[in-house]
Protein chains: 2
Amino acid sequence: MDYKEEIKVFSSFLKRRGLKHTDQREEILKAFLSEEKHLTADDLYLLVMKKNPAIGHATVYRTLKLLCGANLASEIYLKDNRVCYEHKYGHRAHEHMVCVHCGKTIELRIPEIESLVKKVEKEHGFKLNDYALKLSGICAKCGKDTK
Amino acid sequence: MDYKEEIKVFSSFLKRRGLKHTDQREEILKAFLSEEKHLTADDLYLLVMKKNPAIGHATVYRTLKLLCGANLASEIYLKDNRVCYEHKYGHRAHEHMVCVHCGKTIELRIPEIESLVKKVEKEHGFKLNDYALKLSGICAKCGKDTK
DNA sequence: ATGATATTGATAATCAATATCAAGTAGGGG
DNA sequence: CCCCTACTTGATATTGATTATCAATATCAT
Ligand SMILES: [Mn+2]
Ligand SMILES: [Mn+2]
Ligand SMILES: [Zn+2]
Ligand SMILES: [Zn+2]
């Protein structure tokens, strides 16, 4: 767990943009990478706090934006459309299915989506950055409970 | 443009839930139906104001939630993930493509999505309410401008 | 018409996310 | 290694959208 690869990616991103590599930024990146799941900015803030209580709220928000810029993280919108972040570096595109009752989130892999999306992109002259497919409903467990 | 159908749907929804049919609610529904596009709660508030300046901000928010409950409206999330509302009654499911630069939104119809989604639903024992596919990128016009 | 109950609109409160800004730091050039 | 300057930081205030509160009012089954 040294995250050497990701740190290098982040460093070169920062340099390319004339930004500085600070201890806070690296600590936040490491904390982010240490949890293989969907985190809100505040979740990450709490995580970072445990290691270094001096790091400010705003810095976590700012750094998450940078991580997205460096393609190390991506924003996603799950339950109640709260902004969450997930790992992007070395992770394939995927879709999400969210239980509107308990919030449980399942990651899907529907490869057919990609080509459908590509086709549409061409048809409309769009230059596509990204796409997101979110299914919402009631998970098996909640369906049983409320029956 | 008397919206008779929709008003009846709304009325029976309200009755079924033990809620009351008020002038404000009907006015807000009519204003909502009068614009065939994606509106924020505040967009709708401004629209309603023109007809009846006495109607409060909060009532518009509250009524939009009811319209969603009655399947007359649905929430969507476009640029910057602002909450918008669109007509649902008598409208087929569709997908959206949004330009991250200018906000231009195109409605798509990708019928293949439906069956893909249904398949996944079964596989995971979910009871699906809804799904949303959003493509984001740079539209043809913005692509030309920034070239 | 009556009365229980839902609704309204002004207002305050909340919440996540940003902006501000003085003090501190990184890091390239010398 | 030191300087200088532009970038960063963290505390704090601010924003902007949405929701909660609550006294006054309207609805509707009876
Ligand atoms: Mn995911
Ligand atoms: Mn639409
Ligand atoms: Zn569930
Ligand atoms: Zn555009």
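Side-chain atoms are counted along with the backbone in the values below, which use heavy atoms only and exclude waters and symmetry mates. Each chain gets a letter, A, B and so on, in the order the sequences are listed, and its residues count up from 1. It should be emphasised that the depicted structure is a prediction, and the values quoted were computed from it without experimental measurement.
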ask   = Should the pair E123(B)-K118(B) be classified as a salt bridge under the 4.0 Å nitrogen-to-oxygen rule?
value = no

inquiry  = Can you confirm whether L29(A) sits close enough to T63(A) that some side-chain heavy atom of one is under 4.5 Å from a side-chain heavy atom of the other?
reply    = no

note = Rounded to whole Å, the CD-C1' distance (E27(B) to dT7(C)) equals 15 Å

task = Name the residue closer to the 5' end of DNA chain C, choosing between V60(B) and G18(B) according to the nucleotide with the nearest heavy atom.
result = G18(B)

ask   = Does a nitrogen or oxygen in the side chain of R25(B) sit under 4.0 Å from OP1 or OP2 of dT7(C)?
value = yes

ask   = Does one side chain, of E86(B) or H91(B), offer a donor that lies under 3.5 Å from an acceptor on the other?
value = no

ask   = Taking protein heavy atoms under 4.0 Å as touching, what does nucleotides 22-30 of chain D look like 5' to 3' if B marks base contact, S marks sugar-phosphate-only contact and - marks none?
value = ----BBS--

remark   = D42(A) CG to dC15(C) P, in whole Å, measures 11 Å

Interatomic distance where NZ belongs to K79(A) and P belongs to dC15(C) [whole Å] = 15 Å

query = Under 3.5 Å, is there a donor-acceptor pair linking the side chains of H87(B) and E36(B)?
reply = yes

query = Any Lys/Arg nitrogen of E75(A) or K65(A) sitting under 4.0 Å from an Asp/Glu carboxylate oxygen of the other?
reply = yes

task = Give the angle between the helix axes at the two ends of the helix from dA1(C)-dT30(D) to dG30(C)-dC1(D), taking five base pairs at each end and rounding to 10°.
result = 40°

query = Whole Å only: how far is the OH atom of Y61(B) from the P atom of dA17(D)?
reply = 7 Å

request  = Please list residues of residues 64-75 of chain B whose heavy atoms come under 4.0 Å from any atom in DNA chain D, ordered by number; otherwise none.
outcome  = K65(B)

message = Tell me if the aromatic rings of H96(A) and Y77(A) count as close, with their centers under 6.0 Å from one another.
response = no

message = Expressed as a whole number of angstroms, how long is the span from E26(A):CD to dT9(D):P?
response = 12 Å

query = Going by atom types alone, do D43(A) and H38(A) pair a side-chain donor with an acceptor below 3.5 Å?
reply = no

query = Among L19(A), T59(A), I7(A), which residue meets the side chain to side chain contact (heavy atoms under 4.5 Å, CB included) test with R25(A)?
reply = L19(A)

request  = Would you kindly give the NE2-to-C1' distance between H57(A) and dT12(D), to the nearest whole Å?
outcome  = 13 Å

query = Which heavy-atom pair separates A70(B) from V9(B) by the least distance, and what is that distance?
reply = O-CG1, 3.8 Å

ask   = Which pair of heavy atoms, one from C139(A) and one from C99(A), lies closest together, and at what distance?
value = N-SG, 3.4 Å

query = Taking CD1 from I55(B) and P from dT7(C), how many angstroms apart are they, rounded to a whole number?
reply = 15 Å

message = Any donor-acceptor pair under 3.5 Å linking the side-chain atoms of Y3(B) with those of E5(B)?
response = no

